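The block underneath contains the structure these notes are about, expressed in structure tokens.
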Number of protein chains: 2
Amino acid sequence: MARNSKASSTPAVKAQLVEAQDRFIASWGRMGSVWGISRTMAEVHALLYITGKPMCTDEIMDRLRVSRGNVSMSVRSLLEWAVIEKVRLPGDRKEYFQAEQDVWSMLRAIARERIKREVDPLLDALDEIGELAPQIGSHSPEDVVALQRRLDGVREGFGLITTLTHKFAGPRGAGLQTAAKLLAKAPVGRIGRSTKHLKSRTGARP
Amino acid sequence: MARNSKASSTPAVKAQLVEAQDRFIASWGRMGSVWGISRTMAEVHALLYITGKPMCTDEIMDRLRVSRGNVSMSVRSLLEWAVIEKVRLPGDRKEYFQAEQDVWSMLRAIARERIKREVDPLLDALDEIGELAPQIGSHSPEDVVALQRRLDGVREGFGLITTLTHKFAGPRGAGLQTAAKLLAKAPVGRIGRSTKHLKSRTGARP
DNA sequence: ATAAGATTTCAGAAAAATCTGAAAATACAA
DNA sequence: TTGTATTTTCAGATTTTTCTGAAATCTTAT
């Protein structure tokens with residue numbers, strides 16, 4: 001097959017590009033369901049991220065083949081997650097949306113939102129349950145002691161996770177890269193998965 | 001209301017205990033759906049964890065009011081996740097199940113499984129897409145460069161997460177507590193959520 | 001103000017996930 | 001082995017989630 005060396009895309013290259021984008025969108029969308037967000041919401045995000053282009057509702061509808069209402073709701077959620085933002089082009093009545101382009105701040109937003117949805121409610125429930133449960137006294141039965149000990153165990157674990165997430169992924173956090181750097185230095189033995197995905201193809205951001 | 005000071009539970013204390021357990025089970029089960037595992041699966045795990053007692057299929061069915069088939073499938077998944085294990089009592093034909101009691105190793109198992117289900121497939125897809133997409137040459141159009149750059153960004157971010165998870169949560173990993181300790185030391189500014197959940201009620205594990 | 005254009009909402013339709021229950025398979029004790 | 005207790009499987013029922021499409025609402029240029 002012929003190599004493309006021109007600075008503007010040939011139709012063939014363009015098609016490959018779109019194909020790659022579609023595949024990315026599909027993968028990201030598949031993951032969405034694992035995260036408990038709707039496939040469409042994940043796909044909209046993927047589309048905006050991978051194209052990097054601000055898009056309006058109709059463009060998104062056409063590209064993903066989903067309804068107007070679905071796009072509207074997905075976009076609203078993504079705005080709440082703070083992983084996309086609204087853009088207005090002067091002289092155009094439509095709203096456009098574009099994705100956060102920095103991967104690390106995107107990951108931080110995702111982490112933040114997931115903690116909020118998954119862990120915080122659990123911690124609140126644990127506090128409540130701990131108070132509702134029989135309290136430990138000087139001669140408490142073993143059952144009661146064990147229950148409180150287990151509740152505390154979970155609370156301690158998830159509490160720490162929350163604290164660290166706020167510390168590193170919070171709006172004013174140190175950043176995930178900082179965390180990663182700290183951890184990467186740690187003296188530990190062998191690792192399982194290969195690290196081939198770290199051989200950056202283009203030399204990634206600083 | 002009267003205080004209980006005996007070493008064996010009065011019926012009233014027992015009732016409170018069961019009530020607290022049920023609440024814990026409900027909370028944990030609710031979280032299950034956020035994690036993309038079935039409510040029942042999470043509830044079975046919660047039940048086994050919070051009671052600490054090995055239980056057989058019938059006990060689980062009765063306590064959670066779910067069908068035999070559902071328990072069977074949930075238990076199988078939990079065994080795959082390696083957060084519960086099979087126990088056989090001599091002279092009893094039934095299988096009993098008990099939950100991992102150490103919170104940290106439970107959290108590690110959860111982290112491991114989630115990475116496996118969420119991130120690994122994405123990384124594989126990204127590798128594939130990166131190869132399928134137009135490659136960057138000396139005069140590639142901007143589109144192509146941008147696509148590869150974005151793919152690499154995601155790959156780098158999730159790749160790092162995977163690597164760290166293996167390092168700290170893997171079967172031979174350094175442990176989440178080690179990671180937590182490293183991170184807790186890091187010099188960072190303010191944090192959002194309160195840390196009240198860290199005021200351990202019983203003084204948690206070493 | 002008005003009207004055209006754009007967005008949101010939401011009831012019901014469609015799709016997906018989960019659960020049940022009973023039949024089939026399996027494991028164990030005798 | 002044989003009989004019985006136990007577990008697994010899975011087709012269909014149920015429940016939950018997601019999506020559609022059109023009416024209602026909102027926005028903005030004139």
Side-chain angles (χ1 to χ4, degrees), chain A residues 25-26 28-48 54-81 84-98 113-114 117-118 121, chain B residues 25-26 28-48 54-81 84-98 114 117-118:
Chain A
I25 292 165
W28 197 260
R30 205 165 297 122
M31 243 188 31
S33 54
V34 181
W35 297 4
I37 70 177
S38 86
R39 202 185 85 265
T40 304
M41 178 176 160
E43 286 181 350
V44 172
H45 180 218
L47 172 62
L48 295 176
M55 295 177 91
C56 68
T57 304
D58 292 85
E59 289 174 291
I60 298 171
M61 285 170 64
D62 292 347
R63 178 75 184 260
L64 301 181
R65 313 302 244 56
V66 294
S67 72
R68 186 173 302 282
N70 200 355
V71 170
S72 174
M73 288 161 93
S74 296
V75 151
R76 175 169 46 201
S77 301
L78 289 168
L79 288 168
E80 274 166 25
W81 280 55
I84 69 172
E85 59 183 10
K86 236 179 250 194
V87 185
R88 305 213 59 122
L89 304 189
D92 191 334
R93 217 142 137 179
K94 292 195 203 63
E95 292 180 323
Y96 288 76
F97 305 97
Q98 76 186 354
E113 192 65 25
R114 296 195 67 175
R117 291 172 21 133
E118 302 182 10
Chain B
I25 292 166
W28 198 260
R30 205 165 297 122
M31 241 188 34
S33 53
V34 182
W35 296 4
I37 69 177
S38 86
R39 203 186 85 265
T40 303
M41 178 175 160
E43 286 182 350
V44 171
H45 182 217
L47 172 61
L48 295 175
M55 294 177 90
C56 67
T57 305
D58 290 85
E59 289 175 292
I60 298 171
M61 284 170 65
D62 293 348
R63 180 74 183 262
L64 301 180
R65 311 307 240 57
V66 294
S67 72
R68 186 174 301 283
N70 201 354
V71 170
S72 174
M73 287 164 98
S74 296
V75 151
R76 175 171 45 202
S77 302
L78 290 168
L79 288 169
E80 273 165 25
W81 280 55
I84 70 172
E85 58 183 10
K86 236 179 248 192
V87 184
R88 307 214 58 125
L89 305 187
D92 192 334
R93 221 143 134 177
K94 289 195 203 65
E95 291 180 324
Y96 288 75
F97 304 96
Q98 76 186 352
R114 295 196 68 176
R117 290 172 21 131
E118 302 182 11

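Quick note on labels: first sequence line is chain A, next is B, and so on, each numbered from 1. FYI, side chains are in, hydrogens and waters are out, and symmetry mates aren't considered; it's all heavy atoms of this structure. Only a predicted model underlies this, so the values are computations on that prediction, with no experimental measurement involved.
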Contacts of A:R88 meeting salt bridge (charged side-chain N to carboxylate O under 4.0 Å, His left out) (sequence neighbours excluded), chain-then-number -> A:E95

So the contacted stretch of DNA chain C, first to last nucleotide with an atom under 4.0 Å from a non-hydrogen atom of chain A, runs from C:dA4 to C:dC10

Hits for salt bridge (charged side-chain N to carboxylate O under 4.0 Å, His left out) against B:E118, two or more places apart or cross-chain, chain-then-number order -> A:R114, B:R114

Output a table of donor-acceptor pairs, distance under 3.5 Å, between side-chain atoms of residues 62-69 of chain A and any protein atom two or more places apart or on a different chain; print 'none' if there are none.
| unit_1 | atom_1 | unit_2 | atom_2 | d |
| --- | --- | --- | --- | --- |
| A:R63 | NE | A:D22 | OD1 | 3.4 |
| A:R63 | NH1 | A:Q21 | OE1 | 3.4 |
| A:R63 | NH2 | A:Q21 | OE1 | 2.9 |
| A:R63 | NH2 | A:D22 | OD1 | 3.1 |
| A:S67 | OG | A:N70 | N | 3.2 |
| A:R68 | NH2 | A:D58 | OD2 | 3.0 |

Hits for side-chain contact (heavy atoms from CB on, under 4.5 Å) against B:L79, two or more places apart or cross-chain, chain-then-number order -> B:V75, B:I84, B:K86, B:F97

Residues of residues 30-48 of chain A with a heavy atom under 4.0 Å from any atom of DNA chain D, listed by number, are A:S38, A:R39, A:T40

Per-nt protein contacts along nucleotides 1-7 of chain D (heavy atom under 4.0 Å; B base, S backbone sugar-phosphate only, - none) come out as --BBBSB

Heavy atoms of B:R117 and B:W35 approach each other most closely as NH2-O, 3.9 Å

As a check of understanding: the bend across the helix from C:dA1-D:dT30 to C:dA30-D:dT1, end axes from five pairs, rounded to 10 degrees, works out to 30°

Hits for salt bridge (charged side-chain N to carboxylate O under 4.0 Å, His left out) against A:E59, two or more places apart or cross-chain, chain-then-number order -> A:K53

Rounded to the nearest 0.5 Å, the OH atom of A:Y96 sits from the CG atom of A:L48 at a distance of 12.5 Å

One should read off an interatomic distance between B:M31 CE and B:H45 NE2, to the nearest 0.5 angstrom, of 10.0 Å

dist B:W28:CH2 -> B:I25:CD1 (nearest 0.5 Å) comes out at 12.0 Å

For B:E85, the side-chain contact (heavy atoms from CB on, under 4.5 Å) test, sequence neighbours excluded, returns B:Q98

For residues 35-45 of chain A, the salt bridge (Lys or Arg N to Asp or Glu O under 4.0 Å) pairs (sequence neighbours left out) are A:R39-A:E43

Residue set satisfying side-chain contact (heavy atoms from CB on, under 4.5 Å) with A:M73, at least two apart, ordered chain then number -> A:R76

In whole angstroms, the gap separating C1' of D:dT27 from CG of A:L89 amounts to 16 Å

